[in-house]
Structures are given as structure tokens and as C-alpha cells.
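Step one of this worksheet: look at the structure below.
So that the names make sense, note that chain A is the first sequence line, chain B the second, and so on, each numbered from 1. Keep in mind that what you see is a predicted model, and the values were worked out from it rather than measured.
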Amino acid sequence: MPELPEVETMRRGIAAIQGGRIERIERVRCRRKPIRIEPVIATIRRRVIREQIASVDRRGKRVVVRLASDDRLVFEPRMTGLILLAYPPTHEHLRLRIELSGTRESQLLYWDRRGLGNVRLLSAEQFEEQLGPSRLGIDALEVTRNVLRDQLSASQREIKVALLDQRAIAGIGNLYASEILFVARVHPQKRCGRITRTQWQRIADATLHVLNEAIHYEGSTLGDGTYRNALNQRGQYQNHHRVYNRAGLQCTVCGNDSIRRIVQAQRSTFFCVACQAE
DNA sequence: CCCCAGTCCTGCGGGC
DNA sequence: TGCCCGCAGGACTGGG
């Protein structure tokens, strides 16, 4: 379930392909399994082959490889996508291989078990249109109390559901929304309109704290073990979760058996009924 | 504006 | 032991 910390870990893992020793894209190979890709592969090849890689960035839950031409190759892993330099978990689900020239041979792989993710080549204009500020909110690592308040306080939605809205804030998904609200001590069903200034401040602080902590541990590799970094190694943040997947277990803060699971917008939410009374 | 259910997909684990 | 079904949830869509 790549969210911001997992996607950022992938981005850092492949960042060595930018500039420097890596010269350019030499080949693009589609593997056996179909891939959601746009435009068609022939057009992608025509536009990327022999292009240099200018930078490797991230926009919310997407990795953005910017080429010297200013076209952008956007990887959106969704549930089970991985962006790798090597060691795909299975050969079967390898979807795309981009061969790069350089002093050392290099490659970029896109692997996706379920295939819900996608890869798109966008012009600078298309990128602005489809992934610009009108479609995708400010990056979650940049939030402040005032950004949260401006974006969400007019909403009557429950805060946990609102945090998942990528048009407001980009990068928070189901797992980190629960973790953030626990650290902020705000009840996940609290309506946005009823959240106080102090609570917005705590949510902003908790967002930065939790996401940076998760990046430090290279993200969360959950039960099915799908998520991996760019070298197919597991993340470790699952060992530091405070509430996610911990229903019925002891709260790390108050010590009570007060962690519950509820469903909001058809998704699991975990929280401590004692620590997040409001 | 918001909410909800359905869609895309695969693999897993529970229940019988 | 095998089969079916529900579940996981990111982003999007269509209907209310």
C-alpha cells in the first residue's frame, strides 16, 4: 500500500539514476504481463529513448522521472506496484524494464502483482494539468496548521476520511491517516468543522512526525510482504505502528486494551478510545 | 459540495 | 484437502 513514505523510499532508492554517470534511456521493454501504460508503448519509446534523466521527484504517491526534454515519466504504484533497480520479487509480475546506459549498466523496473498501478509519460503541460495544484493538494510533508485549516475546516466530513482526499493534501493513505490522528490525539470521526486551532496544530505536527519517522524506517511492509524498497528489501516501520492493525492490543501510550477498529468510507480505521476521546 | 457503491486486480486466509 | 468467498485499499466513476 505505498503511501508517501513508501513512495519516497522508492524515489530515494532509484535517485542514483539521475544526472552524473547515467547517460540516457537506451531501451524500454514490456514484459509478458499487461501494464496500464499511457500513451502506447511505441510512442513512449519514440519520446524517451536516448533522453537523459534530469531528476527523480515525487508528487504525493507518485514517482516522477523528469527527462531532459521536460517530459515526465510518472509511476503510480497504487496497491502493489514497486519501482526497483534490481531483484524483482517474481519474474511473473514484472511489467516494464527501462534499460539505461552509463559507466555502470543500470535499469529501472516496474513490478506490480495486482496491476492496479500505472505508468504514464506526460508533457510538462499535461503534468501541470493532471498532477498540478488544481488536481493534487500540497505535499503532506509540507503541511502546516494553516494549510490544514484552509483546506479542510469548511468540510463536514470526518477528519480521517478528509485526510485521504488527495486534492486537499497529497500523500496520506489509509495506514498513516490512523497513525497521524493517534499521535495528534484526535478522534478519527471528529468532523473537520469542529476541530480546534490547537488540534489542527497537533495534526500538522503529527503528520510531519509520523511521515518522517516512517521514511526513516523505509516504510511499512505489511502482512503480505508486498511493499519493498528499490532493492527488494522490506521496510521496518510496521514494527513501530502505534495503532494500525493493532485492534484489541494494548495502547503504547495509556496502557489500556483500548485500540479499536472501525470502518469509515469502507476502510479500516484504528484508534485508541482512551487517548483519542476527542 | 458530499457520500456511497462499484470497478480494477491478485493472493491470502477463514470457513465449511 | 479443496473450494469459495471476503478482504486488503488507491484512485476513479456514476448516481443520488
Side-chain angles (χ1 to χ4, degrees), chain A residues 1-11 31-38 58-64 74-83 88-96 110-120 122 126-127 129-132 134-137 139-140 150-181 188-194 211 214 219-228 235 237-238 241 243-248 261-270:
Chain A
M1 50 166 53
E3 303 181 27
L4 187 152
E6 290 76 25
V7 176
E8 175 63 14
T9 301
M10 294 183 204
R11 185 198 72 76
R31 314 300 295 191
R32 282 197 304 271
K33 279 255 177 180
I35 177 172
R36 294 173 190 217
I37 196 162
E38 247 180 52
R58 182 182 52 74
R59 182 89 178 94
K61 301 175 191 173
R62 295 156 168 104
V63 168
V64 181
V74 179
F75 294 82
E76 185 180 346
R78 300 234 181 148
M79 294 301 292
T80 55
L82 298 178
I83 304 158
T90 65
H91 186 69
E92 186 194 353
H93 300 105
L94 187 57
R95 312 260 172 172
L96 191 70
Y110 182 70
W111 182 95
D112 197 333
R113 178 159 51 72
R114 286 167 65 176
L116 298 177
N118 63 74
V119 179
R120 283 185 293 167
L122 301 178
Q126 289 174 313
F127 182 83
E129 217 173 80
Q130 299 180 30
L131 297 176
S134 61
R135 297 284 293 270
L136 219 48
D139 194 85
D150 292 349
Q151 288 293 320
L152 300 177
S153 64
S155 166
Q156 287 314 302
R157 281 180 292 178
E158 296 170 343
I159 178 62
K160 193 269 189 168
V161 177
L163 284 178
L164 301 181
D165 183 352
Q166 303 298 300
R167 291 168 304 184
I169 309 291
I172 299 172
N174 198 51
L175 191 162
Y176 293 101
S178 285
E179 293 292 320
I180 287 165
L181 290 174
Q189 290 174 311
K190 182 101 177 171
R191 301 274 164 184
C192 287
R194 299 187 177 280
L211 295 180
S220 303
T221 299
L222 295 175
D224 72 353
T226 297
Y227 163 71
R228 303 295 173 117
Y237 194 61
Q238 65 280 4
H241 290 171
V243 287
Y244 190 81
N245 261 351
R246 300 191 71 248
R261 173 185 178 272
I262 58 173
V263 175
Q264 293 179 276
Q266 299 141 264
R267 272 156 215 180
S268 295
T269 301
F270 298 88

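Aromatic ring pairs are classed by plane angle as parallel below 30°, tilted from 30° to 60° and perpendicular above 60°; the pair H93(A) and W111(A) is perpendicular.
Using a 4.0 Å cut-off, no side-chain N or O of Y244(A) falls inside it from OP1 or OP2 of dA8(C). Side-chain nitrogen and oxygen atoms of Q166(A) include at least one within less than 4.0 Å of the OP1 or OP2 phosphate oxygen of dA11(C). The side chain of T80(A) places no N or O atom within less than 4.0 Å of a non-bridging phosphate oxygen (OP1 or OP2) of dC9(B). Close to dG11(B), at under 4.0 Å from its OP1 or OP2, lies a side-chain N or O of H93(A). For R157(A) and dC3(B), the shortest distance from a side-chain N or O to OP1 or OP2 is below 4.0 Å.
Taking only side-chain atoms of L116(A), from C-beta outward, the nucleotide of dC8(B), dA11(C), dA8(C) with the closest atom is dC8(B). Nearest nucleotide to the side chain of Q266(A), out of dA8(C), dC12(C), dA5(B): dA5(B). Nearest to the side chain of R261(A), among dG10(C), dC8(B), dA8(C), sits dA8(C). Distances from the side chain of S268(A) to the nucleotides dG11(B), dA8(C), dC3(B) place dA8(C) closest.
Comment: D112(A) does not engage R36(A) in a salt bridge, judged by the lack of any side-chain N to carboxylate O separation of less than 4.0 angstrom. Taking a cutoff of 4.0 Å between a charged side-chain nitrogen and a carboxylate oxygen, R58(A) and D139(A) qualify as a salt bridge.
In plain terms, the two heavy atoms of P88(A) and L94(A) that are nearest each other are CB-CD1, 4.2 Å.
S220(A) places a side-chain heavy atom less than 4.5 Å from the side chain of E6(A).
Atom CG of L164(A) is separated from atom P of dC2(B) by 14 Å (rounded to the nearest Å). Atom CD in Q189(A) sits about 13 Å away from atom P in dC3(B), given to the nearest Å. Remark: P of dG13(B) and CG of L222(A) are 13 Å apart, rounded to the nearest angstrom. Q238(A) places its CD atom 16 Å from the C1' atom of dA8(C), with the value rounded to the nearest Å. Atom pair R191(A):CZ and dC3(B):C1' shows a separation of 11 Å (rounding to whole Å applied). Nucleotide dC7(C) holds its C1' atom 13 Å from the CZ atom of R113(A), rounded to whole Å. Between the CG atom of L175(A) and the C1' atom of dC7(C) there is a distance of 16 Å, given to the nearest Å. When the P atom of dC9(B) is taken as reference, atom CG of D112(A) falls 11 Å away, rounded to whole Å.
Looking at heavy-atom distances under 4.0 Å, R167(A) makes no contact with the nucleic acid at all. Within the 4.0 angstrom heavy-atom criterion, no nucleotide atom of any strand lies near G115(A).
Side-chain atoms of R114(A) and base atoms of dA8(C) include a donor and an acceptor less than 3.5 Å apart.
dG6(C) and dG6(B) are spaced 12 Å apart, taking the P atom of each and rounding to whole Å. Rounded to whole Å, the separation between the P atoms of dC7(C) and dA5(B) comes to 13 Å. For the P atoms, the distance linking dG9(C) with dG13(B) amounts to 15 Å, nearest Å.
Sequence order on DNA chain B of the closest nucleotides to S155(A) and R267(A) puts S155(A) first from the 5' end. Residue whose closest nucleotide on DNA chain C sits further toward the 5' end, between R120(A) and M79(A): M79(A).
Looking only at atom types and distance, the side chain of Q126(A) has no donor-acceptor partner in the side chain of R120(A) under 3.5 Å away.
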